[in-house]
Each structure stands twice: as structure tokens, then as C-alpha cells.
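Take a look at the structure set out below.
Values below: every heavy atom of this structure, side chains too, minus hydrogens, waters and symmetry copies. These numbers were taken from a predicted model, which means no experiment stands behind them. Within every chain, numbering begins at 1; the chains are lettered A, B, ... in the order of the sequence lines, protein sequences first and strands thereafter.
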Number of protein chains: 2
Amino acid sequence: MKIPRPTVKRLGLYYRCLSNYREDGVDFVSSQDIAEKLNIKPSQVRKDLSYFGEFGKRGLGYDVKKLLNEIAHIIGVNKEWNVAIVGAGNLGSALTSYPGLSKHKFRVLALFDNNQQKIGKKVSGITVYDISDLERTVNKLKIEIGVIAVPEFAAQHVAELLEKSGIKGIVNFAPVRLRTNVPVEDVDITLSFETIAYNVVKKSSTDLLDTSND
Amino acid sequence: MKIPRPTVKRLGLYYRCLSNYREDGVDFVSSQDIAEKLNIKPSQVRKDLSYFGEFGKRGLGYDVKKLLNEIAHIIGVNKEWNVAIVGAGNLGSALTSYPGLSKHKFRVLALFDNNQQKIGKKVSGITVYDISDLERTVNKLKIEIGVIAVPEFAAQHVAELLEKSGIKGIVNFAPVRLRTNVPVEDVDITLSFETIAYNVVKKSSTDLLDTSND
DNA sequence: TAGATTGTTAATCGATTAACAATC
DNA sequence: TAGATTGTTAATCGATTAACAATC
């Protein structure tokens with residue numbers, strides 16, 4: 001079945017929300033509970049889940065641990081993912097020790113760079129390899145996800161190297177649309193700043209006219 | 001007029017695409033040229049632009065410099081934006097020197113932290129201030145955009161401090177939905193990894209059945 | 001049983017796209 | 001003028017939401 005893209009994104013949000021409930025020792029939640037936390041409609045939650053199965057109990061809601069486990073399977077975080085980061089600059093280094101990753105089953109096993117000064121050194125305990133060793137290292141360490149944290153001009157080239165080395169998916173922090181055959185997820189930092197600039201400008205202009213901020 | 005959210009996102013993409021054309025010395029482009037680079041439909045480009053005015057010449061296309069200037073005005077990057085980053089950890093420090101920001105009219109003028117070890121030091125030339133000086137410094141430096149680069153548990157609190165200090169918009173790197181009255185743009189790194197995990201799992205399962213990878 | 005909440009259908013809403021007259 | 005490409009309308013597509021029967 002065809003799953004709407006927004007549904008996939010929300011699955012990650014449900015997962016996080018349910019993790020918080022579990023940490024708080026909550027056993028059962030309703031679609032309404034989840035919806036309130038996430039600022040969406042309860043029917044949205046139920047519809048999203050219904051693409052994958054029937055996980056709730058009528059009259060009762062959802063068993064937090066059970067649903068968490070189901071969603072983990074759906075989005076694939078029931079297993080650990082081996083990750084390599086290409087680009088040992090500031091951003092790549094920061095990602096290496098980013099707690100959100102290690103906490104969520106993403107293990108950074110290698111960094112790659114083309115700067116001889118950096119190769120062989122360690123960043124937060126992770127070795128920096130020569131980019132020319134990419135294919136060999138990816139195979140040896142069974143790396144499945146590649147992260148592009150290099151400057152814009154090098155990104156497409158790195159994407160091709162990653163694809164050739166047998167990587168299965170790419171998280172791209174460079175501000176370019178990549179042409180590849182593997183799935184790519186863009187984290188477009190500059191675009192986020194531009195969007196917030198737009199919204200700030202819009203808000204100040206509507207605030208002048210109007211007191212009912214949309 | 002109500003502008004679709006996806007249109008706003010694409011405006012940033014058009015801006016970047018046109019910047020590249022300008023750097024390459026291209027004077028005129030058609031909606032088709034832009035669409036091809038961005039993997040969308042030409043009518044999408046024309047429709048998006050039509051929300052804001054008539055910028056093209058029939059039979060000719062769009063004057064690159066002129067359109068760039070128009071879009072810069074629309075998304076608000078015709079002026080410089082003063083930015084403060086809260087959280088002088090790895091991510092906050094990396095953002096301080098992120099070339100994508102300085103290149104696009106976003107100037108990081110201050111870092112904030114609550115760690116006495118860090119306060120007063122400089123990171124990439126930017127002073128780390130005490131978080132308790134937030135309001136004063138935001139006013140003094142005329143900071144308009146705040147960046148949240150603190151751990152999850154502190155994010156909502158920081159958002160409230162930013163709002164109280166008079167900031168106009170927030171770019172949030174913490175994995176929480178914030179409750180504020182100012183515009184927020186989320187950069188959800190963990191969610192991007194989860195999405196790529198989902199897509200990798202899905203692709204390998206469909207690849208087994210099917211050779212026409214969607 | 002009565003109350004609550006699910007899973008699902010159908011209606012609504014919003015965004016994308018094709019098509020084409022207008023016009024450079 | 002002939003060819004190209006815009007701006008815009010209308011049709012299509014896809015996602016959200018309300019409503020409600022099913023059922024715990």
C-alpha cells in the first residue's frame with residue numbers, strides 16, 4: 001500500500017511521544033492524548049496507524065509499550081543502524097557525538113575526510129578515515145547509512161561515492177538536491193533559516209494590520 | 001492571501017537555484033529550467049511565483065537577477081538578520097561557523113550557555129554569554145532570530161526565555177514541539193534519520209518483489 | 001450494561017498539474 | 001509574423017478531518 005509521506009514523518013513523532021509516555025510510566029494512551037501533544041487531530045493519529053494494522057483496544061486506547069514496539073518495527077529502529085559521516089568539519093564532528101543519534105539506534109562508526117591533517121585522528125572517539133578508503137571501510141564495518149556533511153560543491157560527488165560503496169540511504173546536510181538511486185533525506189539548515197525569515201516578515205506585517213494572528 | 005506552506009519552502013529552493021544560475025553568468029531562465037534542476041513541474045514554479053506577482057516575460061522566461069531580487073524581498077533575505085544561538089555545545093558551536101548562514105545574510109552575533117566554564121570564552125570568534133544575560137544582550141545586539149541548540153529537556157524553557165526577550169523567530173534543533181507565540185522552524189535531525197531508516201527498509205522489501213523501484 | 005475509544009468511511013480541504021489563451 | 005513561454009483557470013490528485021458503527 002502507498003503510505004503518504006506526511007504519515008511517515010509523523011510515525012517518528014509518535015515514536016518519540018510514546019517514548020516519553022513510557023518514561024513517565026504511562027501504560028495506556030488514547031489517540032486524543034497523542035494528538036494533543038503533537039498539535040494534530042486524533043483522527044489523524046488513528047488514520048496513520050491504520051495503514052499498518054490495528055494496534056488499539058476500543059474503549060481503552062493503545063498499550064504504550066506494544067505500540068512503541070510496533071512503530072519501532074515499522075520505521076526500522078528495532079535494529080541498530082551503522083552510520084558513517086563524510087566530512088570531519090564542524091558539522092560532521094558535532095553529529096558524531098550528537099546524543100539524539102546514539103539514543104535512537106544510530107551508531108556512528110566512521111568519519112571520512114580528504115584532509116590529510118585529519119585522517120587517522122579521532123573525533124569523539126571515532127576514527128577519521130581517508131575518503132579513498134570509503135568502499136573498503138563501509139563494507140568492513142557494514143555501514144548502511146551515509147551522512148553528507150561536506151561543502152555544497154563536493155556533495156554530489158560524495159553522494160556518488162557513497163552509492164558506489166553500497167550504502168543504502170543518505171542523510172544530506174549540504175544545500176543541494178542530490179541525484180542518486182538510494183533514498184535521500186535532506187536536512188536543509190539554510191532553508192529553515194530562510195523559512196523563519198519569511199514567517200517573521202509576514203507576521204510583523206500582518207500584526208500591524210490585524211490583531212488576530214493567523 | 002494565503003500562501004501554501006510548501007510554496008514557501010520552494011521559494012528558498014528557487015532562490016538558491018537562481019543564485020547558482022547567476023554565478024554561472026546566466027541571464028534568463030524559464031520555469032522549465034528551474035523545474036528540471038529541482039525535480040518539480042514547470043507549472044508548479046509558475047504557480048508559486050504567481051502568488052506574489054508577475055515576474056516573467058512571455059516567450060523569454062525570467063530575468064535571473066531581477067527574480068532573485070524579488071524572491072530575496074519575499075523571503076526577507078534582502079536584509080541581514082541578527083542571530084543568537086543558545087547552547088554552546090557541539091551543535092551550537094558548529095552552527096556558529098556554518099558557512100551556509102553567513103553566506104545567506106544570517107549573522108551569528110552571540111552564543112549563550114549556562115556553563116560557567118564556557119561563559120566569556122569565544123567560539124569561532126563569537127562570545128559565549130551567560131544565559132541570564134539573554135534579554136539584555138538580545139536587545140543590545142538587536143537580535144531577531146534565536147536558535148535552540150540545547151538538550152531536549154531544556155528546549156521549552158529556552159523557547160520561553162527567547163520569546164520573553166523579544167526575539168521574533170526561532171529555529172529549533174531540539175527534538176520537541178515547542179509551545180510559543182513566535183514562529184518556530186524545526187530542524188529535526190533524529191526524525192530525518194528515522195525517515196531514512198523507514199525508506200531503506202521499505203526499499204529493500206520492495207526491491208525483493210519488484211524491479212520498478214518507485 | 002453504559003461509557004469510552006477505536007478503525008474506517010465519506011466529505012472536505014488544500015496542493016499539484018495540465019491545458020491554453022495571452023503576449024513577449 | 002512565428003515560436004516560445006508566461007500567468008491563470010479548471011481538473012486532478014492526495015491528505016486531513018468529521019462522523020459513526022463496531023466493540024472493548
Side-chain angles (χ1 to χ4, degrees), chain A residues 1-14 17-18 21 26-71 74 177 195 198-199 202 214, chain B residues 1-14 17-18 21 26-71 74 177 191 195 198 202 214:
Chain A
M1 198 201 320
K2 165 96 196 41
I3 311 297
R5 286 179 55 82
T7 294
V8 175
K9 282 267 143 188
R10 281 191 299 266
L11 245 25
L13 296 176
Y14 301 155
C17 178
L18 289 160
Y21 273 119
V26 177
D27 288 329
F28 270 84
V29 291
S30 66
S31 56
Q32 173 138 203
D33 295 331
I34 299 174
E36 260 168 28
K37 293 263 183 200
L38 266 47
N39 244 328
I40 58 177
K41 294 278 161 15
S43 52
Q44 176 84 269
V45 176
R46 299 200 298 277
K47 168 119 267 229
D48 284 341
L49 295 174
S50 78
Y51 288 112
F52 303 96
E54 303 191 2
F55 305 126
K57 281 216 197 334
R58 286 160 203 243
L60 248 172
Y62 301 88
D63 179 315
V64 171
K65 282 182 192 162
K66 184 167 160 278
L67 185 53
L68 210 36
N69 191 43
E70 296 282 4
I71 295 179
I74 295 166
R177 294 298 100 156
T195 307
Y198 172 85
N199 284 314
K202 193 193 64 177
D214 70 315
Chain B
M1 199 199 320
K2 165 93 195 44
I3 312 297
R5 284 178 57 81
T7 294
V8 175
K9 282 264 144 192
R10 281 191 299 265
L11 245 25
L13 296 177
Y14 300 155
C17 178
L18 289 161
Y21 274 120
V26 177
D27 288 330
F28 269 83
V29 291
S30 66
S31 56
Q32 174 138 202
D33 295 331
I34 298 174
E36 261 168 28
K37 293 262 183 204
L38 265 45
N39 244 329
I40 58 177
K41 294 277 162 12
S43 51
Q44 177 84 268
V45 176
R46 297 200 299 276
K47 169 119 266 231
D48 284 341
L49 294 176
S50 77
Y51 288 112
F52 303 97
E54 305 191 3
F55 305 125
K57 281 217 195 335
R58 287 160 202 243
L60 248 173
Y62 301 87
D63 178 314
V64 170
K65 282 183 192 161
K66 183 166 161 278
L67 184 54
L68 210 36
N69 191 42
E70 296 282 3
I71 295 179
I74 295 166
R177 292 301 99 155
L191 202 56
T195 306
Y198 172 85
K202 193 192 63 176
D214 69 312

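- B:Arg10 has its CZ atom 8 Å from the C1' atom of C:dT16, to the nearest Å.
- Summarising the geometry, the separation between CD on A:Glu54 and P on C:dT6 is reported as 12 Å, rounded to the nearest angstrom.
- To the nearest angstrom, P of C:dA15 lies 10 Å from CZ of B:Arg5.
- Contact between the side-chain N/O atoms of B:Arg46 and the OP1/OP2 oxygens of D:dT6 is found at a separation under 4.0 Å.
- Put simply, B:Tyr51 has no side-chain N or O that comes within less than 4.0 Å of OP1 or OP2 on C:dT16.
- For the pair A:Lys2 and A:Lys57, nearest-nucleotide mapping onto DNA chain D gives the more 5' position to A:Lys2.
- Of the side-chain N and O atoms in B:Ser31, one or more sit less than 4.0 angstrom from OP1 or OP2 of D:dT6.
- Taking 4.0 angstrom as the limit, A:Arg58 places none of its side-chain polar atoms (N or O) nearer than this to OP1 or OP2 of C:dG3.
- In this entry the distance linking CD of B:Gln32 with C1' of D:dG3 reads 14 Å, nearest Å.
- Using a 4.0 Å heavy-atom cutoff across all strands shown, A:Ser30 reaches sugar-phosphate atoms only and no base atom.
- Under the Watson-Crick or G-U wobble criterion, with both distances below 3.5 Å, D:dG3 is paired with C:dC24.
- Nucleotide D:dA11: paired with C:dT16 (Watson-Crick or G-U wobble, both distances less than 3.5 Å).
- In this structure, of D:dA15, C:dA18, D:dT17, it is D:dA15 that holds the atom nearest to the side chain of A:Pro4.
- When all heavy atoms of A:Tyr51 and A:Lys2 are compared, the closest pair comes out as CE2-O, 4.5 Å.
- Taken from CD in A:Glu70 to CG in A:Asp63, the straight-line distance is 10.0 Å, to the nearest 0.5 Å.
- Residue A:Phe55 is classed as a sugar-phosphate contact, given heavy-atom separations below 4.0 Å to backbone atoms only.
- Between the CG atom of B:Asp63 and the P atom of D:dT5 there is a distance of 15 Å, rounded to whole Å.
- Here the P atom of nucleotide D:dT5 and the NZ atom of B:Lys41 are 18 Å apart, to the nearest Å.
- Not a single donor-acceptor pair under 3.5 Å links the side chain of A:Asn69 to the backbone N or O of A:Lys65.
- Across the interface with DNA chain C, nearest-nucleotide mapping of A:Leu60 and B:Lys47 shows A:Leu60 to be the residue nearer the 5′ end.
- For A:Gln44 and C:dT6, the CD to P distance is 14 Å, given to the nearest whole Å.
- Taking each heavy atom of B:Tyr198 and A:Ile74 in turn, the nearest pair found is CD1-O, 3.4 Å.
- Taking atom CG of B:Asn39 as the reference point, atom P of C:dT16 lies 14 Å away to the nearest angstrom.
- Partner A:Cys17 forms a side chain to side chain contact (heavy atoms under 4.5 Å, CB included) with one of A:Ile71, A:Val45, A:Val29, A:Leu38 and no other, that one being A:Leu38.
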